[in-house]
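Just follow the structure's listing: the first ligand is 1, and inside any ligand the first atom is 1. These numbers come from the heavy atoms of this one structure, side chains and all, not from hydrogens, waters or symmetry mates. Source: prediction; values computed, not measured.
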Amino acid sequence: MDLDLLKDTLAELGEPAYRAGQVWEWTARGAGGYADMTNLPAGLRAQLEERVPFSTLELVDQAESRDGTVKALFHTADGRPVEAVLMRYQDGRRSICVSSQCGCPLTCTFCATGTMAFGRNLTTSEILDQALFFRRIEPIDHCVFMGMGEPMMNIENVLAACEKLPDVGVTNRRTTISTVGWIPGMKQFLAQDRPIRLALSLHAADPELRSRIMPVNDRYPLPDVLELCVKHWRETNRKVFIEYVMLAGVNDHTKHAQQLAAALTPHEAFKVNLIPYNPTGTGYEGSGRTTIGAFRDALQRAGVPATVRLTRGRDIAAACGQLVADRETTSAA
Ligand code: SAH
């Protein structure tokens with residue numbers, strides 16, 4: 001729901017200011033539409049129905065994985081594709097993965113989203129509407145900004161969405177923003193004091209290798225990015241999650257683990273999450289389980305805490321890096 005349009009419309013209709021709060025409260029709790037909002041006058045509900053679309057996003061396709069993961073493809077009002085994912089875990093956690101941009105201007109060579117044309121930043125309402133869509137299916141309690149796009153390039157809208165997410169059930173402590181290391185946005189993120197988690201897509205500690213797979217490294221070199229991460233940890237005492245996608249024969253050798261351990265100083269500021277690579281047709285292959293296990297062990301021997309990420313929703317192309325809304329693969333399921 002376009003919250004600015006809602007406010008303007010209510011003002012035009014001469015409604016008291018508290019109406020916007022009432023509408024938001026219903027919406028954030030998963031109401032299916034204006035008709036559910038029984039404490040609003042019927043005439044007003046009808047007006048809103050006509051003048052303020054209940055969502056800024058139109059659902060175009062929805063797929064459910066064997067593991068319960070749900071992927072939704074939406075179109076914005078100007079026809080741009082946006083994808084978001086709901087992950088259901090056995091311990092009851094319900095985590096959503098949302099997009100911050102339509103497409104992505106960065107060109108990480110292993111990521112499917114990077115191959116689609118960049119559209120634009122999503123508005124605060126478009127980000128929230130992804131969460132609200134899933135909230136209407138069931139209660140949600142975690143959110144990661146790991147869908148399409150680079151959240152730190154759209155940090156104002158991302159933070160504005162984070163301000164409202166607790167109403168939808170997701171506290172800031174259970175919210176994670178992931179970045180390639182886009183320094184201007186990271187600085188804005190560090191300047192605010194919400195207890196949101198920070199995750200860094202690192203993928204290679206060696207400068208030459210990192211630049212090869214993540215060209216953004218030429219613009220914002222890893223040491224500068226890590227310096228900001230350590231600053232964040234010192235100021236907040238919150239560890240920074242390091243994402244490391246395991247690419248067979250590219251960045252998965254023991255020497256790469258050693259380079260990574262050396263780059264992550266002090267070790268206590270970080271926690272590494274190794275990501276099994278999800279095939280996307282970009283020419284890379286994922287490292288095998290044994291290699292990933294050995295890499296994790298090497299990190300742990302070096303004193304760096306590391307875990308392996310559980311892969312969800314691969315059968316519906318909803319896994320990390322598989323969101324690419326302008327290809328047939330997305331709507332196949
Ligand atoms: N632009 C931000 C937010 C996207 S997060 C960032 O890169 O951090 C998406 C995560 O999935 C990133 O860590 C990305 O590197 C990783 N990823 C991309 N393609 C992948 C793939 N095919 N398999 C597994 N992880 C992938």
Ile275 heavy atoms, cut-off 4.0 Å: which ligand 1 atoms fall inside? 24 (C), 25 (N)

Check Glu138 with Arg94, please: is the shortest side-chain N to carboxylate O separation under 4.0 Å? yes

Which one holds for Phe110 and ligand 1: side chain close, backbone close, both close, or neither close, with close meaning a heavy atom under 4.0 Å? both

Identify, by atom number and element, the atoms of ligand 1 in contact range of Gly147, meaning under 4.0 Å from any of its heavy atoms. 4 (C)

In terms of hydrophobic clusters joined by side-chain contacts under 4.5 Å, are Phe133 and Leu122 together? yes

Centroid separation under 6.0 Å, is that true for the rings of His232 and Phe189? yes

Can Ser100 be said to touch ligand 1, with heavy atoms closer than 4.0 Å? no

Need the ligand 1 atom indices (1-based, order shown) with element for anything under 4.0 Å from a heavy-atom of Val245. 24 (C), 25 (N)

Under 3.5 Å: donor-acceptor pair, side chain of Ser201, backbone of Val180: no

Pair Lys7 + Glu15: basic N to acidic O under 4.0 Å: no

For Glu49, is there an ion pair with Arg45 - N to carboxylate O distance below 4.0 angstrom? no

Using a strict cut-off of 4.0 Å, indicate which atoms of ligand 1 neighbour a heavy atom of Pro276. 24 (C)

Determine, using heavy atoms of Gly149 and all atoms of ligand 1, whether some pair is separated by less than 4.0 Å. yes

Sidechain-backbone polar pair: Arg312 side chain, Arg88 backbone, donor-acceptor under 3.5 Å: yes

same_hphob_cluster(Met214, Leu198) at 4.5 Å side-chain heavy-atom cutoff: yes

For atom 6 (C) of ligand 1, tell me which residue out of Pro279, Pro151, Ser201 has the closest non-hydrogen atom. Ser201

For atom 15 (O) of ligand 1, tell me which residue out of Glu243, Met148, His203, Arg314 has the closest non-hydrogen atom. His203

When you check the gap from the basic side-chain N to the acidic O, do Lys231 and Glu227 get nearer than 4.0 Å? no

Test your reading of the structure: does Ser178 have an N or O sitting under 3.5 Å from an N or O of ligand 1? yes

With heavy atoms of Thr179 as the reference, note each atom of ligand 1 found under 4.0 Å away. 6 (C), 8 (O)

For Tyr277, the ligand 1 atoms whose distance to one of its heavy atoms is below 4.0 Å: 21 (C), 22 (N), 23 (N)

Note: Thr280, heavy atoms under 4.0 Å from ligand 1, region reported as side chain

Which ligand 1 atoms, with their elements, are less than 4.0 angstrom from a heavy-atom of Cys111? 18 (C), 19 (N)

